[in-house]
Amino acid sequence: MKYDFTSVEAKWQKKWDELKLYAAENGSEKPKFFGLIEFPYPSGEGLHVGHPRPYTAMDIVTRKRRKQGYNTLFPIGFDSFGLPTENYAIKNKIHPATVTKNNIKTFTSQLKMLGYGFDWDRVIDTSDPDYYKWTQWIFIKMFERGLAYKSKMPVNWCTSCKCVLANEEVVNGVCERCGSEVVRREKSQWMLKITEYAERLLDDLDGVEFVERGRLQTKNWIGRSYGAEVDFATTEGGALRVFTTRPDTLFGATYMVISPEHAILGEWADRLSNLGEVRGYQAAAARKSDFERTELAKEKTGVRLGGVAAVNPVTGGEIPIFISDYVLATYGTGAIMAVPGHDTRDWEFAKKFDLPIVEVVAGGDVAKEAFTDCDTGVMVNSGFLNGLPVADAKTKITEWLAARGLGTSKVNFKLRDWVFSRQRYWGEPIPIVRCERCGYVPVPESELPLRLPDVENYETTDEGESPLAAMTEWIDTTCPKCGAPAKRETDTMPNWAGSNWYFLRYTDPKNDRAFASREALEYWTPVDWYNGGMEHTTLHFLYSRFCHKFLYDIGAVPTAEPYGKRTSHGFILAEDGQKMSKSRGNVVNPNETVAEFGADTLRLYVMFIGDFEKDAPWSATAVKGCKRFLDRVWNLAETRLGGGEAYSAANEKAVHRAIKKVSGDIEEMKFNTAIATLMSLVNDFTAAPPNRGDVKALLTLLSPFAPHIADELWEIQGFDGICSAAPWPGYDEAKTLDSEREIAVQVGGKLKTTVKVPAGSDDETVKAAALADPKIAALAAGRELARVIVVRNKLINLILK
RNA sequence: GCGGCUAUGGCGGAACUGGCAGACGCGCCGGAUUUAGGUUCCGGUCCGAAAGGGUGCAGGUUCGAUUCCUGUUAGCCGCACCA
């Protein structure tokens with residue numbers, strides 16, 4: 001009979017649901033395993049063929065864990081707030097909540113169609129008030145601890161979304177989402193002080209199992225650098241403070257540069273002899289986006305401040321001060337000491353403005369270019385530092401400055417605080433009230449969730465205010481503290497707010513007294529294994545670690561790190577090797593593949609497609625290979641076989657080897673070779689017909705990958721229970737080994753032939769066997785055997801003279 | 001510019017800590033079944049008639065290198081005036 005995957009898959013999906021086979025148990029005595037995937041954004045397009053790759057991978061891991069006796073939590077939910085839904089709602093005049101509901105329905109049926117072992121009783125939805133109540137609660141806790149604050153600052157403004165973006169959401173000067181131009185704009189924004197956690201986010205990464213690439217990316221993003229802050233006296237009396245990683249080069253500081261936004265420019269306004277020119281430069285800089293500022297600045301620009309100057313604290317010499325947009329207001333102190341002899345940017349600037357270039361570390365030629373690669377050099381032209389190696393000079397100058405109150409050592413980070421406001425409707429309302437008398441006051445916990453009101457129009461106003469700003473009856477409220485009239489915050493939170501902590505909710509999703517109970521958190525967290533996209537390393541992954549650390553600090557979660565292990569998958573590309581996208585028209589719809597070949601085939605194929613961590617192009621023909629494999633499995637076992645449940649003599653070795661290989665490969669996410677092993681096993685079974693025991697092992701190993709067919713054949717064979725719940729098999733190392741070994745025989749390192757010897761043969765035996773081979777004997781005839789190298793059970797190399 | 005990763009048949013990809021390169025699958029070729037196509041099954045498939053040669057390219061270390069080292073080229077990713 002032909003394998004009717006459609007009815008078989010439907011049958012078992014129904015059965016699993018009825019049995020609640022994949023429900024995780026709170027309060028179990030069993031060891032736990034918490035496997036996590038990044039929950040999807042339920043877009044209108046439905047599930048994409050890219051989704052099943054990470055989902056199937058973690059499904060395989062968790063199915064194996066369940067078979068190994070772990071109380072296993074493999075949850076799913078929906079990250080449902082966000083712009084695409086809101087835009088769709090605007091366009092089609094449907095409430096975003098309705099759109100979300102429909103999309104979640106579609107996603108759910110597609111996920112069920114693929115047979116994932118999710119615990120469907122723990123589904124969460126970030127736009128559900130019962131959920132976002134806790135997102136708001138976390139925000140209030142952060143506010144109470146001073147980690148959420150409002151600040152007027154230049155922000156990234158997407159001209160099309162009419163919305164503020166986080167730095168992380170701006171890619172090459174355009175909006176990550178819509179690709180439109182991003183410009184700079186002053187706005188009062190809610191901010192989260194992630195910088196306060198920079199050090200710990202960096203250091204604690206050592207305790208997380210994480211691919212090196214991700215670790216490095218995080219490191220660079222946080223960007224810790226060690227240096228010193230140094231005060232330069234000015235002719236105006238006050239001091240100008242700079243941050244430098246090279247205090248040792250202080251004698252070479254021949255001018256200073258401050259960013260166009262530097263506050264001191266305001267103080268000095270009436271002292272500047274060229275105020276107009278300075279104002280003009282400031283205005284021009286303000287008009288540029290961050291991207292333009294960095295991109296167009298191939299040639300350095302700047303204006304020298306007329307009528308004021310600074311004093312180099314070690315030389316005592318007066319040095320000019322410039323403003324230039326190559327100095328960033330948001331890093332360090334927004335001001336630098338320029339050492340053109342040893343910094344490329346300063347060198348270029350000095351050349352352009354004809355400023356003195358002094359060599360302070362010997363070894364380069366500062367007339368030609370900045371000598372920057374000078375960590376091992378020796379100081380020159382540097383007074384009391386002369387003759388010292390750079391490292392010693394750093395220590396000495398820092399002490400010297402500290403002793404005079406002119407400077408201290410300082411650690412700086414590239415990481416900036418996180419803009420947490422969005423002028424949009426479809427997000428969590430920020431639960432803050434603005435009172436004339438009391439300032440910003442959080443909504444009392446008893447009033448959470450602060451629900452999104454229904455509005456007529458979801459469009460952002462032209463002034464860039466949230467659609468909520470037009471809802472006077474919602475905005476007008478009373479101050480929770482003093483009772484005076486007050487106004488609600490109209491901004492909403494960004495997407496990341498809900499995904500920051502979602503994994504915690506899975507442990508206790510229906511709790512209405514806390515985001516999760518202490519017992520549930522103690523039992524389930526940290527997440528044992530979290531797989532997700534590499535593109536989320538500096539976004540979601542970093543943010544959620546920050547959020548979790550905060551919750552740890554207030555005693556709300558039991559661990560300092562949320563995730564024990566983080567892995568990432570490559571993308572599935574279209575057949576043409578390009579990224580799949582609607583606009584290119586090369587998207588593969590999983591529904592079609594399932595309809596034609598079945599869910600098990602799709603699951604198998606996305607795992608077999610290639611190295612899990614690398615991108616791989618889709619191949620419609622290769623999918624068939626996986627279907628063929630399942631058909632062969634079906635043909636082997638579609639009628640009940642004879643024999644006991646012991647492995648057959650002919651297949652015993654192959655079975656033990658397969659168990660060993662598949663078990664190990666799943667742990668290392670080498671799903672492609674695990675499947676190759678199963679295919680080989682079936683090839684072996686074709687050569688030597690299997691008995692029931694052989695097939696039982698095959699089905700158990702196959703079950704995490706292709707659970708439907710495995711359960712069906714299991715039932716046909718009449719094994720106990722259900723294959724999906726059957727224990728994972730063990731193997732006997734001794735039974736994986738050959739009693740006879742094929743030894744490669746090399747002459748001078750080149751393979752000539754192979755000989756067979758009993759396993760464990762000593763060197764002499766192998767040598768004798770090799771020399772007994774006619775081909776080797778002929779080569780060795782009349783020559784001296786200079787050297788013999790034997791690798792036990794593997795190889796012999798004969799060196800002839 | 002800086003940092004990182006990758007490079008193996010016609011294709012996706014295997015190869016443990018240096019030890020028989022090309023597992024497994026696709027595709028292709030041949031055969032069987034079939035009226036034919038498709039399906040299924042069997043055999044073959046790195047190049048070369050062979051000796052031999054082959055893991056982007058050029059060197060090096062080693063008895064032995066896809067694996068380690070140096071240089072180089074190409075592609076991908078991250079950061080991008082971070083003082």
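Here is the naming used below: chain letters follow the sequence lines, and residue numbers restart at 1 for every chain.
Heavy atoms of A/Asp615 sit under 4.0 angstrom from primed sugar atoms or phosphate atoms, though from no base atom. Within the 4.0 angstrom heavy-atom criterion, base atoms lie near A/Gln746. Counting non-hydrogen atoms under 4.0 angstrom, A/Thr621 reaches the backbone sugars and phosphates but no base. Residue contacts shown for A/Arg215 are absent, as no nucleic acid heavy atom lies under 4.0 Å away. In this structure, A/Asn683 reaches the sugar-phosphate backbone alone: every heavy-atom distance under 4.0 Å involves primed, P, OP1 or OP2 atoms, never a base. Here A/Ser225 lies in heavy-atom contact (under 4.0 Å) with sugar-phosphate atoms only. When heavy atoms are screened at a 4.0 angstrom cut-off, A/Lys752 is found touching the sugar-phosphate backbone but no base atom. Residue contacts for A/Thr218: at a heavy-atom cut-off of 4.0 Å it reaches no nucleic acid atom on any strand shown.
Straight-line distance from the CZ atom of A/Arg628 to the P atom of B/C41: 8 Å, rounded to whole Å.
Taking the syn range as angles within 90° of 0, the glycosidic angle of B/G75 is outside it, so the base is anti.
In this model, a side-chain donor or acceptor of A/Asn797 finds a partner on the base of B/C63 within 3.5 Å. Taking only distance into account, the side chain of A/Glu212 never meets the base of B/G4 through a donor-acceptor pair shorter than 3.5 Å.
Atoms CD1 and CZ, on A/Ile572 and A/Arg53 in that order, are 5.5 Å from each other to the nearest 0.5 Å.
Considering A/Ile666, A/Ile60, A/Asn672, A/Leu602 in turn, A/Ile60 is the only one that fulfils the side chain to side chain contact (heavy atoms under 4.5 Å, CB included) rule with A/Met607.
Residue A/Lys414 places its side chain closer to B/C79 than to any other of B/C79, B/C24, B/G19. Of the listed nucleotides (B/C16, B/C63, B/A14), B/C16 has the atom at the smallest distance from the side chain of A/Lys794. For A/Ala676, whose side chain is taken as the heavy atoms from C-beta onward, the closest listed nucleotide among B/C24, B/A15, B/G78 is B/C24.
Residues passing the salt bridge (Lys or Arg N to Asp or Glu O under 4.0 Å) test with A/Lys627 are A/Asp631, sequence neighbours excluded.
Formation of a donor-acceptor pair under 3.5 Å by the A/Thr537 side chain with backbone atoms of A/Gly214 is not found in this model. Within the 3.5 Å criterion, the main-chain N or O of A/Ser619 finds a donor-acceptor partner in the side chain of A/Tyr605.
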